[in-house]
Enquirer: 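My structure is below; once you've seen it, I'll send some questions.
A quick note: this is a predicted structure, and the numbers were derived from the prediction, not measured. Keep in mind that the numbers below use all heavy atoms, side chains included, and drop hydrogens, waters and symmetry copies.
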Amino acid sequence: MGKKKDSLELYFHIPFCIKKCDYCDFLSGPATRVGQEAYIYALLREMKAVSAIEKRTVDTVFIGGGTPSVPECGIMEKLLQGIGKNFQLAADAEVTIEANPGTLTPEKLALYRRYGINRISIGLQSPENQELRALGRIHNYQQFLESYHMAREAGFSNINIDLMFAIPGQSYEGWIQNLRTVAKLGPEHISAYSLIIEEGTPFSARKLDLPDEDTEYRMYEDVAAVLGKYGYYQYEISNYAKKDRNCRHNEGYWQRKDYLGLGLGAASLVGRERFTNTSDMSEYLENSGNLEKIRTDRETLTREDEMGEFMFLGLRMTKGVSKKDFQEYFGTSIEKIYGEVLEKYKKQGLLLEEDGRICLSRAGIHVSNAVMADFLL
Ligand code: SF4
């Protein structure tokens, strides 16, 4: 039993935002220039410690947040130099940076390109200014358009746009119109998530005018068909891409490739070990060069854990899981372990089997959490 260990993915967490959005519970917030610099230096210390023991070639890099486009060029350049110095990137590595409208400049974009960033993921959420205000976003649609065109002019030919549905006050028709507006721009990739009300956020304390369950169901159900008309295909529960433009980094997560997360609160999977960096900023700043001290929640996965993850994560992808891969990884057949569960959901029409792969049906995608949870042993 084993899993592919030859490749590695890297994630860098940049926990800065201009201002907190009203629905956000990510590890992020405003920071001064001095605070940002101190953090990047800490990240460089962690990189050095990691690179002393990790020598594999890196297939994908994802600089996420927060808003990685907040730090000025001088600060960001130190991080990008650090990545180049400490890690060996594959010649065709996918290198993504997340960005928010209102924080990008031609200088920043030129810097990203110069250091090999070849994919940019822009958090738009909605092309409707009223909805952006309802979410507490810092930008309007015009600023997004400026950022988008600036990115194209800087040479980015692989752009993702994040969109959100089930926003307070949003109608079904409004959402479909939002999809069309964005698809017409022709980004290579669109992520479409529903708004989740997280505890402890300003949204959780407000009475919100949210779409009812039926409307939200239709909002999700019709994304694939609407975007399909513009040449996008759904390859994961919330992700749609033009041909050959899937996000390789995220696919790596769902396929359980090894990944190392660097920075505050970043999660890693190495072999059968899962761990997460401390989310305490002062602890991170003080100890980032000492991996033993910052890595918390260490867990060695059992064979059963790995099987559960294989199914739980693999079923997120529309192509589902390969029976052959399961057999190769675990040395036993998928039917032997999951025969009953598979039968049950196939009978209910929630799972399908085709060409040696098992995947969620359209009906199955709507209840994916319940179906996938049944595979945890
Ligand atoms: S920009 Fe993103 S990470 Fe920052 S507060 Fe808003 S949702 Fe959260």
Enquirer: Verify whether one side chain among Asn246 and Asp244 offers a donor that lies under 3.5 Å from an acceptor in the other.
Expert: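 Result is no, nothing qualifies.
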
Enquirer: Does the pair Glu292/Arg298 count as a salt bridge with the N-to-O cut at 4.0 Å?
Expert: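 Result for this pair is yes, salt bridge flagged.
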
Enquirer: Answer yes if the side chains of Tyr329 and Arg303 hold a donor-acceptor pair under 3.5 Å, and no otherwise.
Expert: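 Not at all, the side chains of Tyr329 and Arg303 share no donor-acceptor pair under 3.5 Å.
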
Enquirer: Give a yes or no on whether a salt bridge exists between Lys323 and Glu353, defined as a side-chain N under 4.0 angstrom from a carboxylate O.
Expert: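 Salt bridge flag = yes for Glu353 with Lys323.
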
Enquirer: My understanding is that only residues two or more places apart in sequence, or in another chain, count here; which of them pass side chain to side chain contact (heavy atoms under 4.5 Å, CB included) with Leu352?
Expert: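 Side chain to side chain contact (heavy atoms under 4.5 Å, CB included) list for Leu352, sorted by chain: Cys359, Ser361.
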
Enquirer: For residues 218-227, run the donor-acceptor check on the side chains, cut-off 3.5 Å, and write out each pair with its distance to 0.1 Å, sequence neighbours left out.
Expert:
{"unit_1": "Tyr220", "atom_1": "OH", "unit_2": "Gln234", "atom_2": "NE2", "d": "3.0"}
{"unit_1": "Tyr220", "atom_1": "OH", "unit_2": "Ile237", "atom_2": "O", "d": "2.6"}
{"unit_1": "Glu221", "atom_1": "OE1", "unit_2": "Arg362", "atom_2": "NH2", "d": "3.4"}
{"unit_1": "Glu221", "atom_1": "OE1", "unit_2": "His366", "atom_2": "NE2", "d": "2.4"}
{"unit_1": "Glu221", "atom_1": "OE2", "unit_2": "Arg362", "atom_2": "NE", "d": "3.2"}
{"unit_1": "Asp222", "atom_1": "OD2", "unit_2": "Tyr172", "atom_2": "OH", "d": "2.4"}

Enquirer: Donor-acceptor pairs under 3.5 angstrom involving side-chain atoms of residues 81-88: please list them, not counting sequence neighbours.
Expert:
{"unit_1": "Gln81", "atom_1": "NE2", "unit_2": "Tyr115", "atom_2": "OH", "d": "3.3"}
{"unit_1": "Asn86", "atom_1": "OD1", "unit_2": "Ser51", "atom_2": "OG", "d": "3.0"}
{"unit_1": "Asn86", "atom_1": "ND2", "unit_2": "Gly82", "atom_2": "O", "d": "2.9"}

Enquirer: Any donor-acceptor pair under 3.5 Å linking the side-chain atoms of Asp25 with those of Thr201?
Expert: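 Distance-only check fails for Thr201 and Asp25.
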
Enquirer: Taking the six-membered ring for Trp, are Phe310 and Phe330 parallel (under 30°), tilted (30 to 60°) or perpendicular (over 60°)?
Expert: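 Aromatic pair Phe310/Phe330 classed perpendicular.
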
Enquirer: Could you tell me how the ring of His249 sits relative to the ring of Tyr11: parallel (under 30°), tilted (30 to 60°) or perpendicular (over 60°)?
Expert: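 It falls in the tilted class, 30° to 60°.
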
Enquirer: Using 4.0 Å as the upper bound for N to carboxylate O, is an ion pair formed by Lys257 and Glu9?
Expert: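 Not counted as a salt bridge, because no side-chain N and carboxylate O are separated by less than 4.0 Å.
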
Enquirer: Are Arg113 and Phe156 in a cation-pi contact, defined as NZ or CZ under 6.0 Å from the six-membered ring centre and within 45° of the axis?
Expert: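 Output yes; distance and angle both within limits.
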
Enquirer: In plain terms, say whether Glu328 and Lys324 are close enough for a salt bridge, that is, a side-chain N and a carboxylate O under 4.0 Å apart.
Expert: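 Yes, this pair counts.
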
Enquirer: Show, in sequence, the C-alpha distance, side-chain angles and deciding distance for Ile117 and Val61, and conclude whether the side chain to side chain contact (heavy atoms under 4.5 Å, CB included) test is met.
Expert: CA-CA 9 Å; Ile117 298 179; Val61 176; over 6 Å; no

Enquirer: Salt bridge or not between Asp305 and Arg274? Use side-chain N to carboxylate O under 4.0 Å.
Expert: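 Salt bridge: no.
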
Enquirer: State, without any angle test, whether Thr181 and Asn178 hold a side-chain donor-acceptor pair at a distance under 3.5 Å.
Expert: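 No, no side-chain donor-acceptor contact under 3.5 Å.
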
Enquirer: Between Arg137 and Glu131, is there a side-chain N and carboxylate O pair less than 4.0 Å apart?
Expert: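 So Arg137 does not pair with Glu131 through a salt bridge.
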
Enquirer: For residues Tyr240 and Tyr235, establish whether the separation of their ring centroids is below 6.0 Å.
Expert: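 When the ring centroids of Tyr240 and Tyr235 are compared, they turn out to be at least 6.0 Å apart.
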
Enquirer: Cut-off 3.5 Å, side chains only: do Tyr148 and Arg152 have a donor facing an acceptor?
Expert: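 Yes, Arg152 and Tyr148 have a side-chain donor paired with an acceptor closer than 3.5 Å.
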
